[in-house]
Amino acid sequence: MPPIRDKFTIHSKAVVCQDVELKGDITIGSGTIVHPKATIFAIAGPIVIGANCIIEEAAIIVNRRKEVMRIGDDNLFEIGCRVESPSVGNFNTVSTRARVHHTVRISSYCVIGAGCLVVPADDEVLDEYTVIYGPSAERRVWSGRGRMQEADLRRKHAEYLRETLPKFNRLRRGEAQA
């Protein structure tokens with residue numbers, strides 16, 4: 001296997017801390033925030049991260065497939081989660097220490113609960129508004145009530161992070177050297 005070439009495209013309005021571990025062909029969209037100690041590995045194919053996502057400390061995002069891993073807008077990846085899903089829609093939450101296997105495609109408005117392990121044997125697409133919770137990864141469908149309040153709260157969270165993170169961390173800008 002040839003060595004992985006690093007190529008980072010970071011939007012000028014993104015906040016990406018210097019401490020982030022990036023490997024491979026990665027594009028980070030406008031307004032996205034990547035905390036220190038997060039890891040993003042494009043091992044086999046590129047990763048494209050949309051606008052206004054929040055990737056917290058120790059979150060790991062890995063693309064093991066040759067196809068492009070697309071992550072939509074307004075997603076939240078909480079502390080210590082691991083996502084290998086080939087596609088993630090918009091406005092999803094992957095909670096603390098949750099793990100999503102590469103056989104799962106996440107649509108929009110899904111919530112993967114804290115510590116949940118989502119590892120189906122066959123390829124699976126999570127329907128919109130799916131909530132996975134509990135130690136045995138039970139599922140239900142969210143009605144969507146409170147969606148606007150959640151969006152407002154997330155916007156405020158991002159605004160706070162955009163203001164605070166640069167005060168205490170060095171930021172990464174632009175293209176990487178190969």
Side-chain angles (χ1 to χ4, degrees), residues 8 10-11 13-24 26-43 47-64 69-102 104-119 126 129-139 142 146-147 149-172:
F8 316 135
I10 300 171
H11 193 279
K13 291 200 184 324
V15 175
V16 180
C17 294
Q18 191 69 45
D19 268 19
V20 174
E21 198 170 344
L22 301 174
K23 196 95 185 125
I26 300 165
T27 303
I28 298 175
S30 172
T32 290
I33 298 161
V34 186
H35 284 244
K37 303 297 181 195
T39 303
I40 304 172
F41 282 164
I43 294 172
I47 297 175
V48 177
I49 300 172
N52 302 314
C53 292
I54 299 173
I55 302 169
E56 295 184 348
E57 294 91 349
I60 301 170
I61 297 174
V62 180
N63 185 8
R64 295 183 184 280
M69 176 187 209
R70 293 196 186 282
I71 297 175
D73 300 335
D74 298 302
N75 290 296
L76 173 59
F77 299 92
E78 293 185 354
I79 297 169
C81 72
R82 182 181 181 103
V83 177
E84 297 186 14
S85 178
S87 71
V88 178
N90 300 319
F91 217 92
N92 297 292
T93 301
V94 181
S95 299
T96 304
R97 301 201 54 181
R99 297 191 65 171
V100 182
H101 200 251
H102 66 77
V104 179
R105 292 178 186 273
I106 303 172
S107 54
S108 296
Y109 300 100
C110 294
V111 177
I112 314 293
C116 286
L117 186 59
V118 186
V119 187
L126 291 183
Y129 297 100
T130 297
V131 177
I132 299 177
Y133 63 97
S136 57
E138 297 170 61
R139 295 172 186 217
W142 174 37
R147 192 173 77 197
Q149 291 86 341
E150 173 75 18
D152 289 342
L153 186 64
R154 200 169 290 178
R155 246 181 255 113
K156 285 282 190 200
H157 181 195
E159 202 175 287
Y160 172 77
L161 290 172
R162 274 189 212 98
E163 186 180 307
T164 306
L165 279 175
K167 290 180 183 175
F168 302 100
N169 296 278
R170 288 191 176 146
L171 300 183
R172 243 179 226 252

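When all heavy atoms of Cys116 and Ala137 are compared, the pair lying nearest together is SG-CA, 4.4 Å. Heavy-atom minimum distance, Phe168 versus Thr164: CD1-O, 3.4 Å. Closest non-hydrogen pair, Phe91 versus Ala151, comes out as CZ-CA, 3.4 Å. The two residues Gly113 and Ala98 make their nearest non-hydrogen contact at O-CB, 3.4 Å.
Between Leu161 and His35, the closest side-chain pair of non-hydrogen atoms falls below 4.5 Å. Residues Arg154 and Glu150 form a side-chain contact, since some pair of their non-hydrogen atoms from C-beta on lies under 4.5 Å apart. Using a 4.5 Å cut-off on side-chain heavy atoms (C-beta onward), Asn169 and Asp19 make no contact. Under the 4.5 Å side-chain criterion, counting only non-hydrogen atoms from C-beta, Asn90 is not in contact with Asp74. Taking 4.5 Å as the limit, every side-chain heavy atom of Cys81 sits out of range of all side-chain heavy atoms of Val100. Counting only heavy atoms from C-beta outward, the side chains of Arg82 and Val62 approach each other to under 4.5 Å. Using a 4.5 Å cut-off on side-chain heavy atoms (C-beta onward), Val118 and Arg139 make contact. Within the 4.5 Å cutoff, no side-chain heavy atoms of Val83 are placed close to those of Ile112.
Checked by atom type and distance alone, the side chain of Glu78 pairs as donor or acceptor with a backbone atom of Thr96 at under 3.5 Å. Checked by atom type and distance alone, the side chain of Asn75 pairs as donor or acceptor with a backbone atom of Gly89 at under 3.5 Å. In this structure a side-chain-to-backbone donor-acceptor pair under 3.5 Å is present from Thr32 to Cys53. With hydrogens and angles disregarded, a donor-acceptor distance shorter than 3.5 Å links the side chain of Glu56 to the backbone of Ile79.
In this structure, Ser30 has no side-chain hydrogen bond (donor to acceptor under 3.5 Å, both in side chains) partners at least two apart in sequence or on a different chain. With sequence neighbours excluded, the residues satisfying ring-ring contact (aromatic ring centres under 6.0 Å, His included) with Tyr129 are Tyr109, Trp142. For Asn52, the side-chain hydrogen bond (donor to acceptor under 3.5 Å, both in side chains) test picks out Arg162, with sequence neighbours left out.
Rounding to the nearest 0.5 angstrom, the gap separating the OH atom in Tyr160 from the CG atom in Leu165 is 8.5 Å. Taking CG of Leu126 as the reference point, atom CD1 of Ile106 lies at 6.0 Å (rounded to 0.5 Å). The structure places CD1 of Ile47 at 5.5 Å from CE of Met69, a figure rounded to the nearest 0.5 Å. Considering CD1 of Ile61 and CD of Glu84, their distance stands at 11.0 Å, rounded to 0.5 Å. Rounded to the nearest 0.5 angstrom, Phe8 CZ and Arg172 CZ are separated by 5.5 Å. Atoms CG and CD1, on Asn92 and Ile71 in that order, are 10.0 Å from each other to the nearest 0.5 Å.
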Dump the intermediate steps for side-chain contact (heavy atoms from CB on, under 4.5 Å) on Val34 and Ile49, then the final yes or no. CA-CA 11 Å; Val34 186; Ile49 300 172; 5.8 Å; no
Begin from the C-alpha positions of Cys17 and Leu171 and carry the test side-chain contact (heavy atoms from CB on, under 4.5 Å) through to its verdict. CA-CA 4 Å; Cys17 294; Leu171 300 183; 4.3 Å; yes
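Dense packing is recorded around CZ of Arg105, with more than 12 heavy atoms of other residues, nucleotides or ligands lying under 6.0 Å away.
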